[in-house]
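Nothing fancy with the numbering, it's 1 onward along the sequence. If you're wondering where the values come from, they're calculated on a predicted model, not measured in any experiment.
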Amino acid sequence: MIVRTTDEITGTDRDVAAEGWRSKRIILGGDGVGFSFHETTIQAGTTHEFHYANHVEAVWLVEGEGTLYDLDNDVRYELGPGSMYLLNGHERHRLVTRTKMRMLCVFNPPVTGKEVHDENGVYPLVAVSQ
């Protein structure tokens, strides 16, 4: 059994931040459960482009509002608390926040926690050591 709190993750190598966003990686590939689970916060008034070419990501928005743009299919979605989106087609996407957004994210395959977005917003596929 694994039990963790976001307080104990804060300030560790599981607490990753870049301009406009912060991700607390609660479960990582090294935990050996086949997925990773993150709490991600994105600051109000920011725009971010991502493309998880190597991962499927499910996102549940628990706080905030913004717009999700599916850049591959030219579709726009308004998001608010309780919205969920699944990037099961590895869609390139843009997230534009109106207010601070807090979301819970699941990645498969799991991330290791060492990944950084490349110039295209992609996380590389990194082998998970157990």
Are [X] and [Y] packed together at the side-chain level, in the sense that at least one heavy-atom pair is separated by less than 4.5 angstrom?
{"X": "Leu68", "Y": "His93", "answer": "yes"}
{"X": "Trp21", "Y": "Gln43", "answer": "no"}
{"X": "Leu28", "Y": "Thr112", "answer": "no"}
{"X": "Thr10", "Y": "Arg22", "answer": "yes"}
{"X": "Tyr85", "Y": "Leu95", "answer": "yes"}
{"X": "Glu39", "Y": "Val62", "answer": "no"}
{"X": "Glu57", "Y": "His90", "answer": "no"}
{"X": "Glu91", "Y": "Leu71", "answer": "no"}

Exercise. Please report the C-alpha distance between Leu104 and Ile26 in whole Å, then the side-chain angles of each, then the deciding distance to 0.1 Å, and finally whether the side chain to side chain contact (heavy atoms under 4.5 Å, CB included) criterion is met.
Key: CA-CA 10 Å; Leu104 304 176; Ile26 301 161; 5.6 Å; no
Quiz item: Between His38 and Phe107, is the gap from one ring center to the other below 6.0 Å?
Solution: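 That pair passes the under 6.0 Å test.
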Nearest 0.5 Å, please: how far is [atom2] in [Y] from [atom1] in [X]?
{"X": "Ile27", "Y": "Ser36", "atom1": "CD1", "atom2": "OG", "value": "9.0 Å"}
{"X": "Thr47", "Y": "Tyr69", "atom1": "OG1", "atom2": "OH", "value": "8.5 Å"}
{"X": "Trp60", "Y": "Ser83", "atom1": "CH2", "atom2": "OG", "value": "11.0 Å"}

Self-check item: Verdict with reasoning, Asn73 to Arg92, per side chain to side chain contact (heavy atoms under 4.5 Å, CB included)
Solution: CA-CA 9 Å; Asn73 299 297; Arg92 292 178 310 111; over 6 Å; no
Which atoms form the tightest heavy-atom contact between [X] and [Y], and what is the distance?
{"X": "Pro109", "Y": "Asn54", "result": "CD-O, 3.4 Å"}
{"X": "Leu86", "Y": "Met84", "result": "N-SD, 3.9 Å"}
{"X": "Pro110", "Y": "Phe35", "result": "CB-C, 3.4 Å"}

Quiz item: What do you reckon, is CD of Glu19 surrounded by more than 12 foreign heavy atoms closer than 6.0 Å?
Solution: no
Quiz item: For Asn88, does the CG atom have more than 12 heavy-atom neighbours from other residues, nucleotides or ligands under 6.0 Å away?
Solution: yes
Quiz prompt | Pair Asp74 + Arg94, salt bridge at N-O below 4.0 Å | solution =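 Salt bridge: no.
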Counting N and O atoms only, with roles assigned by atom type, does the side chain of [X] sit under 3.5 Å from a partner on the main chain of [Y], one being a donor and the other an acceptor?
{"X": "Thr97", "Y": "Thr46", "result": "yes"}
{"X": "Asp31", "Y": "Val33", "result": "no"}
{"X": "Thr12", "Y": "Arg14", "result": "yes"}

Self-check item: Criterion side chain to side chain donor-acceptor pair (under 3.5 Å) on Thr41 and Lys100, from CA distance to verdict
Solution: CA-CA 7 Å; Thr41 304; Lys100 179 178 94 174; 5.8 Å; no
Quiz item: Parallel under 30°, tilted from 30 to 60°, perpendicular over 60°: which one fits the rings of His55 and Tyr52?
Solution: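 Geometry flag for Tyr52 against His55: perpendicular rings.
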Quiz item: Are Tyr77 and Val59 linked, directly or through other ILVMFWY residues, by side chains that come within less than 4.5 angstrom of each other?
Solution: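 The answer is yes; both residues are in one hydrophobic cluster.
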Exercise. Please lay out, stage by stage, how Thr67 and Arg98 fare under the test side chain to side chain donor-acceptor pair (under 3.5 Å).
Key: CA-CA 8 Å; Thr67 305; Arg98 286 189 293 283; 3.0 Å; yes
Exercise. Please report the C-alpha distance between Thr40 and Arg102 in whole Å, then the side-chain angles of each, then the deciding distance to 0.1 Å, and finally whether the side chain to side chain contact (heavy atoms under 4.5 Å, CB included) criterion is met.
Key: CA-CA 6 Å; Thr40 299; Arg102 187 171 63 90; over 6 Å; no
Practice problem: Apply side chain to side chain contact (heavy atoms under 4.5 Å, CB included) to the pair Met103 and Ile42, showing each step before the final yes or no. | Solution: CA-CA 8 Å; Met103 52 201 66; Ile42 302 181; 4.2 Å; yes
